Structure formats: C-alpha cells, structure tokens
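Sequence lines set the chain letters: A, B, ... in the order given, protein chains first and strands last, and positions in each chain run from 1. Quick caveat, the model's predicted, so the values are computed rather than measured.
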Number of protein chains: 2
Amino acid sequence: MKAGTDLSQIGSLVGDPARANMLAALMNGGALTASELALEAGVTLPTASAHLAKLTDGGLMRLTRQGRNRYYALTDHQVAEMLETIMGVAAVLGPKKVLPGPRDTAMREARVCYDHLAGEAGVSMFEAFVVRGFLRVDGDVPDITLAGAEFFAAFGVDLAALRKKRRPVCRTCLDWSVRRAHLAGGLGAAMLEGLIAKAWVRRDKASRIVRFTPQGRMAFNAMLRHKGEAPVVSGTEQGP
Amino acid sequence: MKAGTDLSQIGSLVGDPARANMLAALMNGGALTASELALEAGVTLPTASAHLAKLTDGGLMRLTRQGRNRYYALTDHQVAEMLETIMGVAAVLGPKKVLPGPRDTAMREARVCYDHLAGEAGVSMFEAFVVRGFLRVDGDVPDITLAGAEFFAAFGVDLAALRKKRRPVCRTCLDWSVRRAHLAGGLGAAMLEGLIAKAWVRRDKASRIVRFTPQGRMAFNAMLRHKGEAPVVSGTEQGP
DNA sequence: TTCATGGTTCGACCGTATCCAAACTATTTG
DNA sequence: CAAATAGTTTGGATACGGTCGAACCATGAA
C-alpha cells in the first residue's frame with residue numbers, strides 16, 4: 001500500500017516533538033536561522049541541524065543561505081495549511097488539556113496563520129464581512145460581492161492584481177482555536193498587509209501573535225461594526 | 001510550546017507505517033474490523049490491536065461494537081480531510097518514486113475521497129460544472145448558480161435538505177493525484193450517491209477505487225459535455 | 001455447558017531514531 | 001592572517017516504540 005507509506009513519511013516527520021516545534025515556529029510565514037530553531041525546539045544545535053536536514057530533504061522546509069546564516073522556512077502555503085489542518089483536529093479532539101495560559105490567550109485572540117489573520121479577530125472580521133454583505137457565502141464558501149469589491153478597494157486592496165496571481169483570491173481556513181472559519185487566500189493576506197500598513201496591528205516578532213494598537217482596535221471594530229452593533233474585539237479579557 | 005506538542009502527537013500517530021496503512025484503508029468512509037485492518041497493515045492481530053488502541057484514544061478513530069466484531073472507522077470527515085491534505089503534500093513533494101502501477105492508475109482515474117468523488121473523474125466533473133455555469137468560482141471557491149440548482153435538482157439532489165444539515169453544502173478539496181480541485185461537501189457526497197444510485201459507477205469494495213460501468217461512462221461524459229466537446233473520461237488507458 | 005472465533009493484554013526482544021559532546025567546515029570580522 | 005561566529009558531521013550512549021508468541025477475556029454457536 002503506497003498511500004499509507006506516503007502518509008507515514010510526512011507523519012513521522014511531523015511526529016517528532018522537536019521538529020513539530022520548529023514547524024510551528026515557522027507557521028507565521030517567516031524564516032528563522034538554525035540556532036533560533038534549535039532554541040525554539042529546546043535542543044542543542046547539532047540535533048537541530050539533523051532535524052532540519054530531515055525536514056528539508058523531506059520537502060517540508062526550504063533553505064536559503066545568506067552570509068553565514070542559513071534561514072529555514074516552510075516550502076509553501078500548502079505545507080502551512082496542512083499544519084493548520086492538523087492543528088485543527090488536534091484542537092477539537094484534545095481539549096483534555098489544562099486551561100490555556102496567558103500566552104495561548106493572546107494566540108487565541110489574534111494570530112497570523114502563515115500570512116493572513118486568524119484567531120478571534122480573524123473570525124470576527126470574516127463574519128462581519130459576510131454580515132455587511134461584502135462576502136457572500138453559500139454553504140461556507142465565500143464570494144466577493146460588488147459592495148465587497150468597493151469596500152476592499154477603499155481599504156487599499158488591489159483586487160485586480162490579486163486575481164492575476166496564481167493563488168486563489170478568496171478562501172476560508174478553519175480556525176483551530178475557535179472552530180469557525182476565517183478569511184485566507186490572497187485577499188486574506190492582503191487584508192493582513194493592510195492592517196499592518198495602517199498600523200492597526202503589529203506582528204509579534206518571532207511568534208505568531210498579532211497585537212492590536214489601541215487606536216487600531218477602535219478602527220478595526222469600527223470597520224466591522226454594522227448599524228450600531230457591539231464591538232467584536234474587546235480588550236484583553238482573561239476569562240477562565 | 002504547546003502548538004508543537006499538539007502537532008507531534010497526531011503526527012506520530014500518523015507517522016507509523018502500520019497505522020498509516022490502516023488510516024488510508026478507512027479513507028473510503030467505511031468501517032473495518034480489527035482483523036481486516038491487521039491484514040491491510042501487514043501486521044499480526046496483537047500489534048494491530050495495540051495500534052488501534054492508540055488511534056482510538058488518540059481520537060483519530062471511532063469504535064463501534066457489533067456482535068463479536070469491532071468495527072473501526074475514522075472519527076469525522078475532518079480527520080479524513082486532514083489525511084487527504086497530508087497526502088496532497090506527499091504527492092507534490094514526493095514524485096521521486098517509481099512510476100505508478102496499474103492499481104494506482106485506477107486510483108488516479110476515479111476514487112472516493114471519504115464520501116465524494118475524487119481523481120481525474122472528480123476533477124473533470126467539477127470543472128465541467130464550472131464551464132457549464134452550474135457552479136461559479138471566484139478565486140477557487142464554488143457557489144451554486146440558479147442554473148446549477150436546476151441541474152442538481154434534475155439529477156436527484158435535494159439541495160434544500162443539504163442546506164439544512166450542519167455540513168457545508170459546497171466545498172472544494174485539493175486532489176493529491178492531479179493537483180486540481182474537485183467537489184466536496186454535502187453536494188459532493190450527494191453527487192456520488194446519485195452516481196451510484198444510477199449505476200453509473202460501482203465502488204470497489206474494500207478499496208477506494210471507483211469503477212465506471214460502460215453505460216455509466218457514456219452517461220457521465222454526456223452529463224459533462226457541453227456544446228459538443230470531447231469526452232473527458234476515456235477508456236482505461238494504461239499509460240507508462 | 002462446551003467449543004470456536006474475534007480481540008485484547010502481557011512479557012520479552014529487537015531495531016532504530018534521538019540526543020549530546022567533541023571535532024570539523026565555512027563565512028565574516030578585526 | 002587570526003579569531004570568532006554559525007552550522008554540519010561523526011561517534012557512541014540511551015531509550016522509546018514496534019513486533020510477535022502465548023496467555024487471557026468476551027461473544028456467539030452447538
């Protein structure tokens with residue numbers, strides 16, 4: 001049975017804790033050096049090096065040399081999406097863990113999924129776009145409406161340019177923390193870019209966490225609000 | 001780092017060849033007994049039992065007792081889709097294998113992905129629906145058009161009933177063998193049901209292969225054809 | 001009740017993947 | 001050129017996971 005062999009190969013690649021940590025650390029779409037990844041995984045440099053070798057020639061990571069540093073990154077978003085998918089099933093079937101700590105709370109609130117916004121904020125944004133009629137959803141697949149096209153253009157997204165690229169413009173991605181969909185694809189990436197450009201959010205360097213600036217949170221909520229509804233992203237509540 | 005831990009847990013579950021074979025064997029959406037799975041994985045009953053225990057309390061499989069048999073199946077389609085996704089990246093980054101044998105050719109032509117049609121036939125069907133204007137795609141997300149609703153109703157699909165269910169009606173699923181999308185979701189499942197009910201196809205028991213009946217192939221091609229185009233599913237060609 | 005079949009548990013064996021220390025290579029800086 | 005930083009390679013100790021035979025439970029048939 002070849003199917004099983006294929007499965008088990010990448011399965012075992014992801015199956016080691018050290019390697020899994022490295023992969024998780026790269027899910028923000030960035031690239032890290034071998035030393036940083038070693039630190040992230042909690043192993044020494046030599047072992048990290050061995051793991052990285054396996055990951056690269058296993059096809060899950062891509063290596064770019066730069067001076068005396070070697071930067072490792074995930075090969076494509078297909079790999080990133082695979083990891084999110086795996087984390088998705090892990091999240092639904094493994095809530096036997098203790099309650100999430102503060103760091104996880106921040107992750108749950110807003111984080112980057114490879115190159116677009118995920119977490120509570122990502123889900124809220126997606127759902128607000130649907131409520132406001134910018135995206136139409138049949139089943140659970142989004143489609144940009146006329147009003148949506150206007151809105152995104154006003155926000156600074158060049159839809160025409162996005163459509164030219166090979167990457168799908170509009171996709172959804174199941175959120176492992178909330179079990180609801182958020183916006184992915186080229187549009188999702190462009191929105192995150194826009195949020196950063198407008199300084200509404202800042203990406204936490206070396207983690208997947210996305211933090212709202214005070215004014216950014218207000219502006220974001222205003223963008224999502226429709227006909228005087230309550231804000232969707234409140235302050236950093238630390239609920240049990 | 002918890003994220004890495006979650007990843008590695010299911011990763012290692014999938015990472016063992018025996019377990020991966022079992023999971024792959026269940027991807028047709030059916031249920032098999034422990035003995036059958038042991039045979040499929042090429043291990044003895046005791047080892048199979050141990051693996052199955054890990055898989056079930058790891059949450060990837062579901063056990064239903066029935067008489068003196070114990071039937072194992074995947075827990076949901078989320079798990080099935082995760083496996084397809086993994087096979088997807090395996091397929092794109094691992095074509096250094098030898099050329100596919102005859103059995104794999106059949107798999108590539110038409111197979112069932114949990115409960116809907118995949119492979120060449122699945123992709124052809126999906127793309128034909130788009131060309132004929134039954135599904136509209138923006139980016140790569142499908143949406144049922146008015147014409148589509150009529151067509152599917154005529155085919156025997158009860159769209160209203162599908163919309164009532166919690167499961168998304170219309171989704172796409174990336175095909176590992178062809179690297180193109182095919183139709184998943186409730187509609188995808190209903191279509192496969194319809195194809196079987198009309199006796200256009202038969203599911204190969206105990207494998208994921210779907211075989212067309214002679215008349216079925218003709219009818220299927222007729223369904224897909226639009227304004228006198230060439231048929232999309234030809235005979236069983238055995239290419240090198 | 002007894003027998004047979006389908007599965008699980010136990011114990012022991014074996015292989016392999018992981019790990020680190022130390023040595024080695026390469027690239028930049030002084 | 002020498003010193004320092006970044007990374008890989010090697011070798012050997014360790015441990016964990018997979019594997020099977022045999023014994024053990026459970027369910028259905030005789």
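- Atom P of nucleotide dA6(D) and atom CZ of Arg70(A) are separated by 14 Å, given to the nearest angstrom.
- Nucleic acid contact class of Arg65(B) (heavy atoms, under 4.0 Å, all strands): none.
- Among dT8(C), dT8(D), dG18(D), the nucleotide with an atom closest to any side-chain atom of Ser49(B) is dT8(C).
- The two residues Leu183(A) and His116(A) come nearest to each other via the heavy atoms O-CD2, 3.4 Å.
- Side-chain nitrogen and oxygen atoms of Lys54(B) include at least one within less than 4.0 Å of the OP1 or OP2 phosphate oxygen of dG18(D).
- Leu63(A) places its CG atom 16 Å from the P atom of dA6(D), with the value rounded to the nearest Å.
- For Asn69(A) and dA26(C), the CG to P distance is 17 Å, given to the nearest whole Å.
- Considering only the side chain of Pro46(A), dA21(C) comes nearest among dA21(C), dG18(D), dC20(D).
- A salt bridge does not link Glu193(A) to Arg203(A): none of the charged side-chain nitrogens sits closer than 4.0 Å to a carboxylate oxygen.
- Across all strands, Tyr72(A) comes closer than 4.0 Å only to sugar-phosphate atoms, never to a base (heavy-atom distances).
- What separates CD of Glu36(B) from P of dT5(C) is a distance of 17 Å, to the nearest Å.
- Relative to the side chain of His51(A), the nucleotides dG7(C), dC19(C), dT19(D) differ in distance, and dC19(C) lies closest.
- Straight-line distance from the CG atom of Leu52(B) to the C1' atom of dT9(C): 14 Å, rounded to whole Å.
- Of the candidates dT19(D), dT18(C), dC20(C), the closest approach to any side-chain atom of Val43(A) belongs to dC20(C).
- Taking both residues in full, the closest heavy atoms of Ala34(A) and Tyr72(A) are given as CB-CE1, 4.1 Å, listed atom of the first, atom of the second, then distance.
- Using a 4.0 Å cut-off between charged nitrogen and carboxylate oxygen, Glu36(A) and Arg70(A) do not count as a salt-bridge pair.
- Note on Thr33(A): only backbone sugar-phosphate atoms sit closer than 4.0 angstrom, heavy atoms only; bases stay farther off.
- Distance Leu55(B) CG to dG17(D) C1': 14 Å, rounded to the nearest Å.
- Here dT8(D) is the nucleotide among dT18(C), dG18(D), dT8(D) with the atom lying nearest to any side-chain atom of Leu45(A).
- In this structure, Met22(B) atom CE and dG7(C) atom P are separated by 12 Å, rounded to whole Å.
- A salt bridge links Glu84(B) with Arg208(B): at least one charged nitrogen is closer than 4.0 Å to a carboxylate oxygen.
- Between the C1' atom of dT27(C) and the OH atom of Tyr71(A) lies a distance of 14 Å, rounded to the nearest Å.
- Checking dC19(C), dT8(D), dC20(D) against the side-chain heavy atoms of Thr44(B) singles out dC20(D) as nearest.
- The nucleotide whose nearest atom lies closest to any side-chain atom of Thr47(B) is, among dG7(C), dC19(C), dT19(D), dT19(D).
- When distances run from any side-chain atom of Ala34(A) to the nucleotides dT8(D), dC19(C), dG17(D), the shortest one goes to dT8(D).
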